[in-house]
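Below is one structure, written out as structure tokens, with a few remarks after it.
Atoms considered below: every heavy atom in the structure, side chains included; atoms not considered: hydrogens, waters and symmetry mates. Here the structure is a predicted model, which means the values were calculated and not measured. In the text below, chain A, chain B and the rest are named by the order of the sequence lines, each starting its count at 1.
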Protein chains: 2
Amino acid sequence: MLLTDATHDPALKSWVESANTPDHDFPIQNLPFARMRPAGADDEPWRIGVAIGDHVLDIKLARQQSPWGEGIDALLAPLAEGDLAAFMTLGPRAWTLVREALSMALAADSDQAPFLELCLLDPARLEYSLPCRIGDYSDFYAGIHHARTVGSLFRPDNPLLPNYPWVPIGYHGRASSVVVQGGTVRRPLGQTRGSGGDSGEPTFGPCRRLDYELELGLWIGAGNDLGERVDMEEAEKRLFGITPLNDWSARDIQAWEYQPLGPFLSKSFATFVSPWVVTFEALAPFRRPFRRAPGEPQPLPYLDSLRNRECGALDIQVEAWLQTARMKAARQPAVRLSRASVLEAAYWTPAQLVAHHTSNGCNLQVGDLLGTGTLSGPQPGQGGSLLELSGGGKAPLALPGGEQRTFLEDGDTLTLKAWCEAPGAVRIGLGAVTGTIEAAA
Amino acid sequence: MLLTDATHDPALKSWVESANTPDHDFPIQNLPFARMRPAGADDEPWRIGVAIGDHVLDIKLARQQSPWGEGIDALLAPLAEGDLAAFMTLGPRAWTLVREALSMALAADSDQAPFLELCLLDPARLEYSLPCRIGDYSDFYAGIHHARTVGSLFRPDNPLLPNYPWVPIGYHGRASSVVVQGGTVRRPLGQTRGSGGDSGEPTFGPCRRLDYELELGLWIGAGNDLGERVDMEEAEKRLFGITPLNDWSARDIQAWEYQPLGPFLSKSFATFVSPWVVTFEALAPFRRPFRRAPGEPQPLPYLDSLRNRECGALDIQVEAWLQTARMKAARQPAVRLSRASVLEAAYWTPAQLVAHHTSNGCNLQVGDLLGTGTLSGPQPGQGGSLLELSGGGKAPLALPGGEQRTFLEDGDTLTLKAWCEAPGAVRIGLGAVTGTIEAAA
């Protein structure tokens, strides 16, 4: 995983011509997985597809239609059966072998092209499910600028709590309400502080401060037994893939409910992920050294390793875009709300999140999802949520066409995007997560 | 569920003689389920058993060996296959029919006795698994005396936060580390505040303030779709069963990590439940009116119903017992640490927890587990955790034999028990949850 190999070669081209388009999300160097089937075909079994340019390679068909190298056919079987968890359970060596086989099969000089051409699907005609069953979903708070900005709204003199530089802060999230993006999110109802403040009677009704959070999700590909720790050297091998993640948040519900046990119903009404799982192997060209800024404490030994210092961090760009109902009606394009570099935003690396999570013996399982926390840049205007961008709702954002926003309104469509680019590497996209706000029931 | 029926008749006796012993946990009025198989028989499939006196009725055998009334055989099929979730999915009408059929089959005058005698197993020769896969585990904070006592340790002047009387406070827990009782719990490692306090460097090592929490767990038997609320009238029908639950807690890890997002690694190293699922139907004779004490605010309308006011509360007794390694060596029995009445301890009813949990559209699923929160009585010495009983670790408890405890030590065995008793009803037990502390790895 540390070093790039032939599958990352920037000179590599595919016989799927659209994959060679500059700045396409899905060049042959990417090869992400999704669980899919023809749209509306409720009786068709799910199978895994691999994105390549403007198409999706159906692994079920590809396994039937094309010859594969020795041993590869068996590794493709769980993918053909739509079971990404079973594939992940085969382990990192299998992940690498399949990546190599897919790369060779889709390369411009592949003799499998005539067979595999028959196995390309049009993504517009597909529907997607979660890539696998999520056992547990944990959400971290690794975005230091987010933590500082949100903290300053509550504690202007002391925005970052004393534990922040030491503990990868996180909390248990709700697994059942994690869904694949593309649909609507219904404005939740909830209990909020009443007009009389803390001493008055609270009210129950539709959320008035509905927000998004710009995060990345990490898919766990190999677990550990209860009582067993995963150390830093091993931690990264447990990570299979990555996805943009929208941690929809009801700020008014959150403010009233979160003391003393943390966010609960303010989060569990919906969390959106992309259907596409970009593998950690595909991220190899975008690994960077992990470094603490001067004056920041070094991580405790259980959160430190040579490998992490050399290449534990990820160079990923993330963006949030908004298109309001009025913008849609006027055929105005979406407007970018923020952009941030994960290298700047994330205080902890993925390996540190895994090592910390298991440091008490907590058992991670194949298919678990870890959220990074909101990824905001250091500058005003780089906040990964409206809470930050609107100064806690006090400074409305001006939108094209004269509209304003403090928080999300019904009909708003919010899209998160993520991608990697670096000198000497082909850009890869992590896909997008889109959702539209629906009025409360 | 509201009214008792023939299965609760206190005059009812079983042909399983031990079930007729006064104060037995498992009289014929109880009929709890567990997922079990012969101990050590790794190749034997799991099946559901029903506790009756000193025996366990194997539903797989019982279905083969005995004639059953029309339609019952099909309802027993998922139990015979060890799939309690599939049985729950059949719905409350099926739960009632099977309870009636089991009650008649095990009653003293049953003509099925000669067949079913062959289907009774010795619980000492069985092993148990979780009764079903837990999708999500949520833990509430419904024990008001616990909340007040713990709050007073941190905020002497203001022990209960303003939201407490209004919001059924809860948080997402970790599903993967919920295990069936009977084994050991390894003392977790973790990061804790250093000797320099908030400004000093924290340390990483074995937990020094290991604690238990005396709770009940509620098994969800029917779910709701994402975005759909379950109102109070409907909420109780979603509850299938109940179990004692030990929410093992690492207080020093918790104190350092929990701000601002709540408990995380201080909880996720282990949560123990009993293998026995006592059904809500069995609890019918122990339903009591829900009432707020004078001066307490009435619940908001979404947490209120006539049925809840009439019989939403449960009259259950809970206890915690400790046997230290030295007591074991000296053959001294366990000592009771605390006892509480759930009627006094719980500020919210099970139906209110379900209605609140789904009030934002969060989807509960069959097999989800809800913890009540620590159940402490109003008096000192009735605390459901050592944190409370030792005044935050400042007032050690004197134990028989001259020992003292502030928090749990290696070799300590902690047992939680719960049962129901009431005039005119046969006492039923909720089983026990036992765990022994093992030294840190």
Side-chain angles (χ1 to χ4, degrees), chain A residues 135-136 138-139 141 151 161-163 166-167 169-177 179 186 188-191 193 198-199 201-204 207 226-229 250 253 256-270 297 300-302 356-357 359-365 368 441, chain B residues 135-136 138-139 141 151 161-163 166-167 169-177 179 186 188-191 193 198-199 201-204 207 226-229 250 253 256-270 297 300-302 356-357 359-365 368 441:
Chain A
D136 279 284
S138 301
D139 198 16
Y141 200 52
L161 291 167
N163 57 8
W166 301 99
V167 183
I169 297 290
Y171 70 106
H172 309 295
R174 178 84 194 173
S176 73
S177 52
V179 293
R186 189 184 286 276
L189 305 183
Q191 195 183 132
R193 190 182 274 112
D198 272 356
S199 58
E201 183 163 331
T203 59
F204 182 82
C207 167
L226 188 63
E228 179 189 282
R229 291 170 56 200
I253 298 173
W256 179 232
E257 75 168 2
Y258 92 107
Q259 288 287 12
L261 298 182
F264 184 45
L265 302 190
S266 52
K267 301 286 190 170
S268 61
F269 60 95
L300 292 183
Y302 82 100
H356 181 68
H357 204 320
S359 65
N360 67 342
C362 179
N363 50 335
L364 297 181
Q365 298 181 313
D368 281 354
Chain B
D136 278 285
S138 300
D139 198 15
Y141 200 53
L161 292 167
N163 57 9
W166 301 101
V167 183
I169 297 290
Y171 69 106
H172 309 294
R174 178 85 193 172
S176 73
S177 52
V179 292
R186 189 183 287 275
L189 305 183
Q191 194 182 136
R193 191 181 273 111
D198 272 357
S199 58
E201 183 164 329
T203 60
F204 182 83
C207 167
L226 188 64
E228 178 190 282
R229 291 170 55 200
I253 298 173
W256 178 234
E257 76 169 0
Y258 92 107
Q259 287 286 12
L261 298 183
F264 185 45
L265 302 190
S266 54
K267 301 285 192 172
S268 61
F269 60 95
L300 291 183
Y302 81 100
H356 181 67
H357 204 321
S359 64
N360 68 341
C362 179
N363 51 335
L364 297 181
Q365 297 182 312
D368 280 355

Within the distance-only criterion (no hydrogens, no angle test), does the side chain of A:D198 pair as donor or acceptor with the backbone N or O of B:P162 below 3.5 angstrom?
-> no

Flag, side chain of B:R174 to backbone of A:N363, donor-acceptor distance under 3.5 Å | yes

Go through B:G151, B:P263, B:G170, B:G227 and name the one with the most non-hydrogen pairs under 4.5 angstrom from chain A.
-> B:G170

Check for a donor-acceptor pair, side chain of A:R186 on one end and backbone N or O of B:L226 on the other, with a separation under 3.5 Å.
-> no

Greatest number of non-hydrogen atom pairs under 4.5 angstrom with chain B, of A:L261, A:L300, A:D368, falls to A:L261

Could you pull out the closest heavy-atom pair between B:H172 and A:S268, with the gap in Å?
-> CE1-CB, 3.5 Å

Measure up the A:F204 and B:Y302 rings against each other and bin them: parallel (under 30°), tilted (30 to 60°), perpendicular (over 60°).
-> parallel

Close side-chain approach of B:N360 to A:C207, heavy-atom, < 4.5 Å = no

Top contributor to chain A contacts, counting heavy-atom pairs under 4.5 Å, from B:R193, B:Q259, B:K267, B:Q365 | B:Q259

Out of A:S138, A:P260, A:P188, which one racks up the most heavy-atom pairs below 4.5 Å with chain B?
-> A:P260

Among B:G361, B:P202, B:G262, B:A175, the residue with the most heavy-atom pairs under 4.5 Å to chain A is B:P202

Answer whether the closest heavy-atom distance between the side chains of B:P297 and A:E201 falls below 4.5 Å.
-> no

Least distance between heavy atoms, A:S176 atom then B:C362 atom | OG-SG, 4.5 Å

Counting heavy-atom pairs under 4.5 Å to chain B, which of A:I253, A:V179, A:L364 comes out on top?
-> A:L364

Name the option with the most non-hydrogen atom pairs under 4.5 Å to chain A; the candidates are B:V167, B:L189, B:D136.
-> B:D136

Is a donor on one side and an acceptor on the other found under 3.5 Å between the side chain of B:Q191 and the backbone of A:W166?
-> yes

Under 4.5 Å to a heavy atom of chain B? For A:L161 that would be side chain

